[in-house]
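Just so we're on the same page: letters track the sequence lines, and every chain starts at 1. The structure displayed is predicted, hence computed values, not measured ones.
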2 protein chains.
Amino acid sequence: MMERNESDRCDCKVIHEDVVNAVKEKMPSEEKLYDLAELFKVFGDTTRVKILWALDESEMCVCDLAVLLNMTRSAISHQLRILRQARLVKYRKEGKIVYYSLDEEEVKHIFDQGLIHINEKF
Amino acid sequence: MMERNESDRCDCKVIHEDVVNAVKEKMPSEEKLYDLAELFKVFGDTTRVKILWALDESEMCVCDLAVLLNMTRSAISHQLRILRQARLVKYRKEGKIVYYSLDEEEVKHIFDQGLIHINEKF
DNA sequence: ATAATATATGAATGTTTATTCAAGTGTTCA
DNA sequence: TGAACACTTGAATAAACATTCATATATTAT
């Protein structure tokens, strides 16, 4: 009985070595693929998708979004921070009220890269 | 001092009532937005993004992917299950070996919907 | 049949993450 | 100034998730 464990390479390593090496050559950098996954992650939450959808319809304040989505202002605010960090939304202050809107520049950039393109507002 | 808590609606409810109601009218169904977020979630993980990238280059078995990404076959297998459930990949068995590849039909469908479009293989 | 191999899967573990709660900042209005 | 308000934020909690480990299934070779 031969010694073997998960860290060992299975026989495919030999059989498919050339294919795997060729693919490895072409593979984008770790960083690039990580960033891509991070971007998709931002879109991978119902609350954030709803917020983005709403803001594409109309500029809105935190309270509006809370009423619209039937959530606390705190929860909305936390999610807006993530969208802000991803530069997908921007905001302007008018007295006490903070109005959020889509960051058209950044969203357009994502569309131009062809990563995500939403038809008919999702 | 007036009684107030988070579940109460703030004054914006009154100020922006019309805008919020109009947006609410147009909003897609809960289910639709949930499904959309679920789809993005699948793309929101580095390992899965790498697997998808690799499979778009070439059909590969579990062991190949494990070698390529320097991960255990078990970890790869678990992620492939998620990609299978999302119908993003399909597979064919050849003896002991299971070859995975992109489910072109499903991926094409996603592209056609315009939800995600990857340029230059990400 | 037995051994070896390729993959799959359930349970356990550690990490990430969404929401809540409580407290904090900055603005308006009396 | 101080009370009310809109929003933010840090910590706590609970749920979701990725990976590992151990085991199971299925196939091939002896």
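- The separation between Ile76(A) atom CD1 and dC7(D) atom C1' is 12 Å, rounded to whole Å.
- Phe43(A) contributes atom CZ, which lies 8.5 Å from atom CG of Leu83(A) (distance to the nearest 0.5 angstrom).
- Atom CZ of Phe40(A) sits about 9.0 Å away from atom CG of Leu39(B), to the nearest 0.5 Å.
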Which pairs, protein N/O on one side and nucleotides 9-11 of chain C N/O on the other, fall under 3.5 Å?
| from | atom 1 | to | atom 2 | distance (Å) |
| --- | --- | --- | --- | --- |
| dT9(C) | OP2 | Arg84(B) | NH2 | 3.3 |
| dT9(C) | O4 | Ser74(B) | OG | 2.7 |
| dG10(C) | O6 | His78(B) | NE2 | 2.8 |

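- dA18(C) atom P lies 19 Å from atom CG of Asn70(A), rounded to whole Å.
- The line from CG of Leu36(B) to NZ of Lys50(A) is 12.0 Å long, rounded to the nearest 0.5 Å.
- Taking Ile, Leu, Val, Met, Phe, Trp and Tyr as hydrophobic and joining them when side-chain heavy atoms fall under 4.5 Å apart, one finds Ile97(A) in a cluster with Tyr99(A).
- With the end axes of the helix from dA1(C)-dT30(D) to dA30(C)-dT1(D) each set by five pairs, the angle from one to the other reads 10° at 10° resolution.
- By the 4.0 Å N-to-carboxylate-O rule, Glu105(A) lies too far from Lys108(A) to be salt-bridged with it.
- Nucleic acid contact class of Tyr99(A) (heavy atoms, under 4.0 Å, all strands): none.
- Side-chain contact check for Arg92(B) versus Glu59(B): some heavy-atom pair is nearer than 4.5 Å.
- Residue Tyr34(A) contributes atom OH, which lies 14 Å from atom P of dA18(D) at whole-angstrom precision.
- A search for side chain to side chain donor-acceptor pair (under 3.5 Å) contacts involving Glu106(B) returns nothing, not counting sequence neighbours.
- Across the protein-nucleic acid pair, Leu65(B) atom CG and dA8(C) atom P stand 11 Å apart, rounded to whole Å.
- Val98(B) places none of its side-chain heavy atoms less than 4.5 Å from the side chain of Leu80(B).
- Residues Ile116(B) and Leu115(A) approach most closely at CG2-O, 3.2 Å, considering heavy atoms.
- A distance of 10.5 Å separates CG in Asp64(B) from CD1 in Ile76(B), rounded to the nearest 0.5 Å.
- To the nearest 0.5 angstrom, Leu55(A) atom CG is 11.5 Å from Lys90(A) atom NZ.
- Atom pair Leu80(A):CG and dT19(C):C1' shows a separation of 14 Å (rounding to whole Å applied).
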Counting primed atoms plus P, OP1 and OP2 as sugar-phosphate and everything else as base, spell out the protein contacts along nucleotides 12-17 of chain D at 4.0 Å heavy-atom distance: B, S or - for each nucleotide, 5' to 3'.
-----S
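- The two residues Met60(A) and Ala54(A) come nearest to each other via the heavy atoms SD-CB, 4.2 Å.
- Here the side chains of Leu52(B) and Val89(B) are in contact, with some heavy-atom distance below 4.5 Å.
- Taking every heavy atom of both residues into account, Thr46(B) and Ala37(A) meet most closely at N-CB, 3.6 Å.
- Atom OH in Tyr91(A) sits about 8 Å away from atom P in dT8(D), given to the nearest Å.
- Between the CE atom of Met71(A) and the P atom of dA6(D) there is a distance of 19 Å, given to the nearest Å.
- The CG atom of Leu83(B) sits 15 Å away from the C1' atom of dA8(C) (whole-angstrom rounding).
- Phosphate proximity of dA8(C) to Tyr100(B): present, with a side-chain N or O under 4.0 Å from OP1 or OP2.
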Quick tally for nucleotides 25-30 of chain D: nucleotides whose base has a protein heavy atom under 4.0 Å get B, sugar-phosphate-only ones S, the rest -, giving -SBS--
